[in-house]
Amino acid sequence: MTAHILDELQWRGLVEQVAGPDLREHLASPRVVYAGFDPTADSLHVGSFIPLMTLRRFQMAGHRPIALIGGATGMIGDPSGKSEERVLLSEEVLRQNVAGIERQLQRFLDFSGDSGAILVNNYDWMKEFSFLQFLRDIGKHAPLGMMLAKESVKARLESESGLSYTEFSYMLLQGYDFVHLARTHQCTVQLGGTDQWGNITVGIDLARRLDGIQLYGLTGPLLTRADGVKMGKTERGAVWLDPEKTSPYAFYQYWINVADEDVGRCLRYLTELDQEAIAQLDASRAEAPHLRESQKKLAEELTRVVHGESGLAAARHATEIFFGAEIEDLDDQALADIFADVPSSQLPKARLEEGLPLIDALVEAGLCQSKGEARRTIQQGGAYVNNVRRTDLETTLRSSDLASESMLVLRKGKKKYALLRFHS
RNA sequence: GGGGGGUUUCCCGAGCGGUCAAAGGGGUCAGACUGUAAAUCUGAUGGCUCAGCCUUCGCAGGUUCGAAUCCUGCACCCCCCA
């Protein structure tokens, strides 16, 4: 990685706006850069992916990354007014969220060596501040006119919901984070999505006024689809980086299903493939879109980064099963892993021994809402047992139909699966 | 306050005494095709012990051999005149 980090970011389309006199020159020597992550949940999701990967790119280019967890800013980020009790409770949740995100961040950055990453939590320095002290030391140097002029503020002031004093203060807290990191870690560059522009410039301005130093900012794109919708959401909720919340298989599948018009940007924004490799994928996509090499490569790269080699292998294996032929000769553990995301139902083993009508099984598994629907599904060829189509209405499941020791896989249509587990 | 119109199965919307579980469209589900895409095509779409039975057409009664369809009362919605 001898190329200048800005060139690298540029061709990837990761540079939206830059703040500061000459960022290019500034980044010619090793610097300390930071990006913040709010602990709104106990795991990061795809929405944080771009800044996370950008930090990695900086690190690979020889700069030191700081991942900041917003333990303090996360406390006021939520606009809805909450009672005293719930604030206390949410502090507990917050602690867990911070812990969870800390754990994840550690997997993405290298903490060793000269440019080893640093993990900080702004709660650690914000907790020392009294309200009065903050107003005297920091607030005094933040001109209201400038803050009111921010796009982010103007939009909210004109909206129905308005803007509370607390939320208005958010940008000042984040601004101070930047100042603090500059003082304590010689951090000079802040990264963020376009929505962070206002917050970043507040920090730059504050540093100039307080310490007379020049800081820099760089905003990147948000991960959206061609039609403007934010990516990283499915019918089942956000796509998380935590394997407990989004299995490696589900994660892999999410990227496999990215639309052609979005996959190019995803490759540039999120993978570490070089320019040449991506150009090849672009060409392949133009000539033979049905091969979907771009999607496969994207899913592979990202699953490997997030879930490791073993996670990728599991996702691939599960994919084979999901789209492959008959399911047989597997053990309970393997089935449970592969179908981790699939709803499962428990039934007494006796039901199977006495013969369980397929119609009933489909209803019990929750795949059909009524027996009438189950009947129709079977007649129309939409019912599968262990991936084998069964069209006989009279089909009765027996012990011999088990795919493993105690489980059996039902499927309705192309990809709606349900697991039936039989206990004694 | 006076006059008129409406309330139908997930949604929109036909139906105006039996042939109505109720046209048509949308949605949804399944099948074919396909790139685990889009589009398209086909079928299905109240429940059940399914060639039969049961429960649905704002709510409660009534008339009829028989009502979503007629009558009475109630509730909600819309329009016109004050």
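Just so it is clear: chains get the letters A, B, ... in the order the sequence lines come, proteins before strands, and each one is counted from 1.
In terms of phosphate contacts, A:Lys296 brings no side-chain nitrogen or oxygen within less than 4.0 Å of OP1 or OP2 of B:G35. A sub-4.0 Å separation between OP1 or OP2 of B:G47 and a side-chain N or O of A:Arg376 is present. At B:C48, one or more side-chain N or O atoms of A:Ser370 fall inside 4.0 Å of OP1 or OP2 (strictly under the cut-off).
Nucleotides of RNA chain B nearest to A:Lys415 and A:Gly382 differ in position, and the one nearer the 5' end is that of A:Gly382. Each of A:Tyr384 and A:Tyr252 has a nearest nucleotide on RNA chain B; the 5'-most of these lies closest to A:Tyr384.
Closest approach to the A:Arg389 side chain among B:A32, B:U34, B:A44 is made by B:A32 (side chain taken as heavy atoms from C-beta onward). Of all nucleotides listed (B:U34, B:U36, B:A44), B:U34 comes nearest to the side chain of A:Lys414. For A:Gln295, the listed nucleotide lying nearest its side chain is B:G35; candidates were B:G35, B:A44, B:G31.
Between the CD atom of A:Gln379 and the P atom of B:G43 there is a distance of 15 Å, rounded to whole Å. Distance, A:Tyr254 OH to B:A37 P: 16 Å, rounded to whole Å. Atom pair A:Lys412:NZ and B:G31:P shows a separation of 9 Å (rounding to whole Å applied). The distance from atom NZ of A:Lys416 to atom P of B:U28 is 11 Å, rounded to the nearest whole Å.
A:Arg31 and A:Ser29 share a donor-acceptor pair across their side chains, judged by distance under 3.5 Å alone. A donor atom on one side chain and an acceptor atom on the other are not found under 3.5 Å apart for A:Asn257 and A:Tyr252.
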Worked check of side chain to side chain contact (heavy atoms under 4.5 Å, CB included) between A:Leu358 and A:Leu393: CA-CA 8 Å; A:Leu358 179 56; A:Leu393 271 182; over 6 Å; no
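For a distance-only test at 3.5 Å, the side chain of A:Gln253 qualifies as a donor-acceptor partner of the base of B:U36. One N or O donor and one acceptor, one from the side chain of A:Gln380 and one from the base of B:G43, sit under 3.5 Å apart.
The shortest heavy-atom contact between A:Asp38 and A:Ile101 is O-CD1, 3.9 Å.
Electrostatic pairing of A:Arg351 and A:Glu364 counts as a salt bridge here, judged by a charged N lying under 4.0 Å from a carboxylate O.
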